[in-house]
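Shown next, in structure tokens, is the structure this report addresses.
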Amino acid sequence: MRHEKDWYKELVIYQIYLRSFKDGNGDGIGDLKGMIEKLDYLNELGVNAVWMSPVYASPNVDNGYDISDYFSIMEEFGTMQDWEIFRDEAHARGIAVIMDLVLNHTSDQHVWFQESKKSRENPYSDFYIWKDPVSDGGAPNVWMSVFGGSAWEYVPERKQYYLHLFAKEQPDLNWDCLEARQKIFDIIRFWNEKGVDGYRVDAISYLDKGLDGRADFQEKIGTVACVNLEGTHRYIREMAAETFAPDHLMSVGEVNINHEQDARNYSSAKSSEFNMAIPFVLPIVEIQTWSPEKMKRDLEKDYQALKEDGWWARFLSNHDKPRQVSLYGNDGLYWKESAKMLACYIHTLPRTPFVYQGEELGMTNVQYDSIEEYDDIDTKNYYMSMLSNGASKEDALAESQSISRDNSRTPMQWDDSAYAGFSTHKPWLGVNPNYVKINAANQMQDDTSVFRFYQKLIRLRKENPVMIHGHFALCCSKEGPVIAYTRSLEEVTWLIIHNFSEEEQSFEHEKIQSAEQVILSNYDEVKMENGQAKLRAYETLIARIE
Ligand code: GLC
Ligand code: CA
């Protein structure tokens, strides 16, 4: 597909976590064949882009985010030919193909690292971040990795430590090394030539570690200490200019944002880095700090910062977070209402909506009975660290369950047959037992389902430029669980209201006249007249007021 300059603004991007999407060959692991089978489903949903989690060869220490060969497909997922069929079939349906690029680190099994660790004098010696031990033989500094433990690992052959901000099997690349950068750009050019339409670039805020001349860091977590340094921006600009930008390929950087300026740096057209930024927030921080009030503050702040020049991803779920209906909604009594409300929220905010697989069915968190049933390296490390800090097994399990990345990685719930129709074989990760009730097959037969609601929202976006380009203004109190805003473009103004609570709320706005103004809602009848709307549990609505 050829792309115009700003084409990414019109996308609705569906994220596929392959391993859990659909198994096409009966080995319990999702794959490209399975994805091909489900393209009609995605087409029916209406999305126009698919971002697939990493499909490259990988030993799967971090489920594909540890790549051992960027030019080949992971055997479990299929072959390059399968990938090409997927690409062609997706394109035939007008669906853009977005690849996940992991460029901050490789797998320790990658040939560059295998070579690099052999000696200090080999062609790949400088491709990773090697440092001498300090005088007592210890690690170069106090940095911890994101997944726990020191961020440094000693290699006797070189008598040096290498840096890994993530797992020790994910050594960080040295972006300061020109040859390494050239090889990295070659990888991107290879995929460009294969007809990829865009990239989601993983963990990109840490390229420059800022280690030179600095040893004494206050921050113990490596990714916090080296986040968003100027060198990182320089590398990104170089990469964009050499790879994505010339053909207007879509690029979204997964970034850590500490303040508005960071968001602008990564995503404004002026800075020539990414088309959009997709912020990363640690699940535990999100769980502990979120509230409707905080959401409102963030909405206002982001919008003010980025409205002139900046674009970013709108999402509540991904493969690193708990399920959105369990975290921000209510996955019990108001499951359906709240799943729809969250959908309406994402799709009516400014910028580009991302839908994470299964979210369109209202899939929920899972609670496995024991830690052995979990797969995620982060969950396991977290559990072990709680035990070593003296927590009981029950407490450690309960807390690990709530933050686990496996909540969003359980197999897609296609129907109510064995293993939820995901596979004919026992899946690599247990199916959520609620698949009997929550599944695609029954939702596709039900006009009031969560799936149908997503479909309506996506269609509305295609038909109404106000959803894409409309000016945004909050119009609700700073306090309380009601989030309301207007979107306006030329002579059209929409009012969007959400009740983020179980309790009934009333909301006032001078332009409210009657329920006839309503374009979409998650209740059969809307109670709205003379300047006031009465909102029931998790009610959401879109009304045209001008
Ligand atoms: C990103 C990915 C996450 C992965 C990490 C390391 O945050 O989304 O799944 O573990 O980077 O690559
Ligand atoms: Ca398979």
Side-chain angles (χ1 to χ4, degrees), residues 257 260 263 279-306 312-318 321-351 353-356 359 362 364-365 402-403 407-408 450 453-454 457 467 470 472-487 494-509 512 518 520-523 526-528 532-543:
I257 290 178
E260 293 90 65
F280 177 81
V281 181
L282 270 180
I284 188 146
V285 173
E286 183 74 355
I287 293 168
Q288 287 166 350
T289 60
W290 103 269
S291 68
E293 286 85 356
K294 176 165 184 293
M295 270 180 163
K296 286 187 256 197
R297 287 195 300 274
D298 289 348
L299 283 175
E300 183 63 23
K301 209 171 61 192
D302 292 352
Y303 189 71
Q304 289 312 328
L306 294 170
W312 64 106
R314 284 293 177 197
F315 68 102
L316 291 172
S317 295
N318 62 34
K321 290 188 64 179
R323 284 285 178 184
Q324 67 189 40
V325 67
S326 301
L327 177 54
Y328 309 101
N330 173 314
D331 61 12
L333 197 53
Y334 298 108
W335 164 74
K336 197 172 186 176
E337 289 80 3
S338 63
K340 289 181 182 177
M341 180 196 74
L342 296 169
C344 186
Y345 178 72
I346 289 298
H347 289 263
T348 55
L349 287 174
R351 310 317 186 221
F354 280 58
V355 178
Y356 177 68
E359 170 193 326
T364 70
N365 280 357
S402 68
I403 61 141
N407 282 313
S408 54
V450 179
F453 198 78
Y454 268 82
L457 281 162
M467 283 173 90
F472 166 88
L474 275 174
C475 58
C476 52
S477 152
K478 287 194 171 67
E479 315 302 325
V482 174
I483 302 186
Y485 41 88
T486 52
R487 298 291 309 273
W494 286 11
L495 169 67
I496 297 120
I497 322 173
H498 318 281
N499 175 8
F500 274 74
S501 81
E502 288 175 27
E503 287 79 41
E504 206 174 281
Q505 308 288 334
S506 69
F507 171 79
E508 278 161 31
H509 191 284
I512 290 181
V518 173
L520 188 70
S521 121
N522 59 347
Y523 277 80
V526 175
K527 298 188 190 172
M528 193 166 109
Q532 203 187 49
K534 288 244 180 282
L535 306 164
R536 285 146 291 183
Y538 296 100
E539 184 155 349
T540 188
L541 66 88
I542 305 177

_With side chain to side chain contact (heavy atoms under 4.5 Å, CB included) as the criterion, how do Tyr538 and Lys336 come out once you've worked through the C-alpha distance, each side chain's angles and the decisive distance to 0.1 Å?_
CA-CA 9 Å; Tyr538 296 100; Lys336 197 172 186 176; over 6 Å; no
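- Side-chain atoms of Asn499 do not come within 3.5 Å of backbone N or O of Glu539 as any donor-acceptor pair.
- For the atom pair CD1 (Ile497) and NE2 (His509), the distance works out to 8.5 Å, reported to the nearest 0.5 Å.
- The aromatic rings of Tyr345 and Phe500 sit perpendicular to each other, their planes meeting at more than 60°, with 30° as the lower class boundary.
- For Phe507 and His498, the gap between ring centers reaches or exceeds 6.0 Å.
- Residues Leu342 and Gly329 share a closest heavy-atom pair of CD1-N, 4.0 Å.
- If you take CZ on Phe453 and CE on Met341, they are separated by 10.5 Å, rounding to the nearest 0.5 Å.
- Separating the CZ atom in Phe280 from the CD atom in Glu286 is a distance of 10.5 Å, to the nearest 0.5 Å.
- Side-chain atoms of Arg314 do not come within 3.5 Å of backbone N or O of Ile346 as any donor-acceptor pair.
- Atom SG of Cys476 sits about 11.5 Å away from atom CD of Gln505, to the nearest 0.5 Å.
- Leu316 is listed as a side-chain neighbour of Met295, based on a closest heavy-atom distance under 4.5 Å.
- For Lys296 (side chain) and Ser477 (main-chain N/O), a donor-acceptor pair under 3.5 Å exists by modelled atom type.
- For the pair Trp494 (side chain) and Ile542 (backbone), a donor-acceptor distance under 3.5 Å is absent.
- Partners of Lys534 under the salt bridge (Lys or Arg N to Asp or Glu O under 4.0 Å) rule, at least two apart in sequence or in another chain, do not exist in this structure.
- Distance check: Leu495 CG to Thr348 OG1 gives 10.5 Å after rounding to the nearest 0.5 Å.
- Tyr523 places a side-chain N or O within donor-acceptor distance of the main-chain N or O of Ala537, the cut-off being under 3.5 Å.
- The structure places CD of Glu359 at 3.5 Å from CD of Gln324, a figure rounded to the nearest 0.5 Å.
- Considering every non-hydrogen atom in both Thr540 and Asn522, the closest pair reads N-OD1, 2.9 Å.
- In terms of heavy-atom proximity, Glu293 sits nearest to Gly480 at OE2-N, 3.0 Å.
- In this structure, the side chains of Pro292 and Trp290 come closer than 4.5 Å at one or more pairs of heavy atoms.
- In this structure the side chain of Val281 never reaches within 4.5 angstrom of the side chain of Thr289, judged on heavy atoms.
- Qualifying side-chain contact (heavy atoms from CB on, under 4.5 Å) partners for Ser408, counting only residues two or more places apart in sequence or in other chains: Arg323, Tyr356.
- Leu535 places a side-chain heavy atom less than 4.5 Å from the side chain of Leu541.
- The two atoms that bring Ala313 and Phe354 nearest to each other are CB-CE1, 3.4 Å, heavy atoms only.
- For Asn365 (side chain) and Pro322 (main-chain N/O), no donor-acceptor pair under 3.5 Å exists by modelled atom type.
- Between the Ser338 side chain and the Asn330 main chain, a donor and an acceptor come within less than 3.5 Å of each other.
- The backbone N or O of Phe472 sits less than 3.5 Å from a side-chain atom of Tyr303, completing a donor-acceptor pair.
- When every heavy atom of Gly362 is checked against every heavy atom of Val450, the shortest pair comes out as N-CG1, 3.9 Å.
- No side-chain donor-acceptor contact under 3.5 Å links Asp298 to the backbone of Lys301.
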